[in-house]
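Nothing here was measured: the structure is a model prediction, and the numbers come from that model.
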Amino acid sequence: MSASIEAHATPLLSPRATAPKALRTGADYLRSLDDGRAVFIDGEQVKNVTTHPALREAARSAARLFDIASDPAMEERMTFVSPTTGNRVLRAYQIPRTHADLKAKRLASETWSESTFGMMGRTPDHVAGFFCGYAAVPEVFAAGGAPFADNVVSYYEHLRENHLWATYAIVPPQVDRSKPAHKQSDPTLYAGVVKETDGGIVIAGAQQLATAGLYSDVLYLSCIHPLQPGDENYAIGVAIPMNAPGLRLYPRRPFAVQAENGFDHPLTSRFDESDCFVVLKDVFVPWEHVFIYRNLEVCRDQWWKTPSHSYGNLQAQARYAAKLRFMLGLAMRMNEATGNAAVPPVMVQMGELAALASIVETMLEAQELKATIDEKGVVWPSKTALYAVMALQSEINPKMVDMVREMTGAAMITMPSSLKDLDSAVTGPDIERYMASGISSARDRIALMRLAWDFFGSEFGNRHQQYEKFYGGASFLVKQNMYRNYDFARACKLVDSALALSTTPLANS
């Protein structure tokens with residue numbers, strides 16, 4: 001498996017786009033999904049994700065993101081001028097050079113996040129942030145050979161100029177976590193290199209969790225888990241088109257399959273982005289799409305010695321802040337519907353919820369305000385601000401959900417069985433009479449409570465609670481990131497100064 005980097009010193013690079021290219025529209029995007037990608041549900045291959053009843057509405061929600069970005073009225077918010085072609089390209093692919101650039105990226109992510117109410121996490125701006133980080137510090141990849149740095153910059157430009165959506169699978173499957181990759185019962189259980197050719201490499205195995213993979217254009221396959229000597233075949237970073245031969249996507253059971261209508265399931269039916277398990281059956285990757293090759297150090301350093309992790313999670317926290325904003329709006333509307341909004345204990349709980357949501361939002365903005373600029377003029381968001389909020393996310397989210405559940409009592413579950421009860425001549429009059437609120441009709445109140453249940457109590461809603469709990473990885477790992485980035489030296493210096501007082505005589509001694 002060992003390969004000579006010099007043997008591939010001049011790989012074929014993806015051509016840098018130079019021709020003018022219009023921004024991608026939602027219609028363009030939907031057409032592109034009919035490309036033969038291998039998505040399997042219930043043992044059968046999905047013919048087209050844009051027409052499958054469990055997938056099509058989320059595809060349309062994703063298409064609306066591209067329509068927002070291509071709207072001339074949103075040009076400044078959602079796009080910037082490409083430094084190589086002069087074309088308008090997605091703001092998500094901007095490498096920030098000033099604090100204002102970083103704020104602009106955050107505002108673009110906020111716009112997309114609010115359009116999905118924070119319910120779609122792996123929108124096109126997430127992994128775009130990682131590629132921005134890679135292209136900003138390509139020398140990290142050059143440590144494995146100069147061509148790999150050229151490849152990653154060229155591919156970043158390819159994504160940027162063509163307005164593409166990349167997602168990633170960067171965690172090995174949970175087969176036997178007691179053993180490293182190369183000591184698994186089968187060496188091809190984890191995604192890794194099985195063959196090298198003059199034209200590229202062949203990858204076999206599995207990787208998780210490609211959230212929104214079936215809606216994306218490109219898979220970035222790598223590993224964020226610690227690897228050890230002997231794991232070199234798995235220490236890779238490659239880009240693979242979603243319709244590549246041998247690439248299979250196995251989404252978990254789509255929640256939208258049980259959403260009979262948009263009234264009873266307003267979120268489930270529209271925003272289930274699908275978490276996909278990825279299987280690779282001898283997938284060929286040309287050298288120009290290889291950025292890391294059998295290199296443990298580069299595979300590790302891509303996350304921490306570039307601003308990739310910070311850029312990607314700036315988007316993630318913008319999305320989470322939007323979701324919390326939506327949660328507080330839901331709680332307030334439910335309190336208003338039940339007549340509890342002005343009750344002092346409810347006001348206290350709402351104040352606590354607002355405080356927690358404001359912490360997330362303020363720490364998001366602090367990533368910009370405390371950002372630093374390196375010697376190359378690249379802006380790095382504050383890691384302390386990022387990891388502080390990420391470290392608490394798994395504790396804040398369930399606390400907030402439980403508080404809203406407590407406030408609303410039985411309001412979300414004392415609902416009719418479905419929209420049909422409202423529309424029935426037999427049951428409709430009862431529903432209209434007894435399920436109205438003091439400020440709204442029964443239909444409007446039920447619509448609100450259905451929305452709340454879809455967010456807090458449905459299977460889709462519970463997936464989101466699990467998602468937020470483990471979003472940044474295991475809590476202890478995120479807290480270790482916080483530990484590594486906090487200024488303990490400054491804190492300890494204060495203690496040392498206080499200890500020095502013990503040897504300093506008081507003025508009247």
So how far is it from D275 CG to L249 CG, rounded to the nearest 0.5 Å? 12.0 Å
Assess the side chains of [X] and [Y]: does a donor N or O sit below 3.5 Å from an acceptor N or O?
X    : Y    : result
R122 : T211 : no
R270 : S61  : no
N397 : Y320 : yes
S32  : R24  : yes
D125 : S109 : yes
Y168 : H126 : yes
E468 : Q393 : yes
R60  : T50  : no
K323 : H464 : yes

Any pair with a residue in residues 209-230 that passes ring pair (Phe, Tyr, Trp, His ring centres under 6.0 Å), sequence neighbours left out, goes on the list, sorted by first then second residue, please. F131-Y220, Y134-Y220
For residues 362-371, the salt bridge (charged side-chain N to carboxylate O under 4.0 Å, His left out) pairs (sequence neighbours left out) are R106-E368
With sequence neighbours left out, what residues match [X] under side-chain hydrogen bond (donor to acceptor under 3.5 Å, both in side chains)?
X    : answer
K105 : none
T306 : S308
Q480 : none

With Y250 via ring pair (Phe, Tyr, Trp, His ring centres under 6.0 Å) - residues at least two apart: F40
Do you know the tightest heavy-atom contact between T98 and V379? N-CG2, 3.4 Å
Is the distance from the ring center of F460 to that of F271 below 6.0 Å? no
Per the side-chain hydrogen bond (donor to acceptor under 3.5 Å, both in side chains) rule, which among H309, R484, K479 passes with Y387? H309
Both conditions, 6.0 Å and 45 degrees, for the charged tip of R490 above the ring of Y486: are they met here? no
Does NZ or CZ of R91 fall inside the cone over F80's six-membered ring, less than 6.0 Å from its centre and within 45° of the axis? no
Is it true that [X] and [Y] make a salt bridge, defined as a side-chain N closer than 4.0 Å to a carboxylate O?
X    : Y    : value
E139 : K376 : yes
R319 : E110 : no
K305 : E297 : no

Apply the side-chain contact (heavy atoms from CB on, under 4.5 Å) test between L221 and each candidate in V278, V283, V285, V238; give the one that qualifies. V238
Reference residue I203; test side-chain contact (heavy atoms from CB on, under 4.5 Å); the match among I236, N233, V194: I236
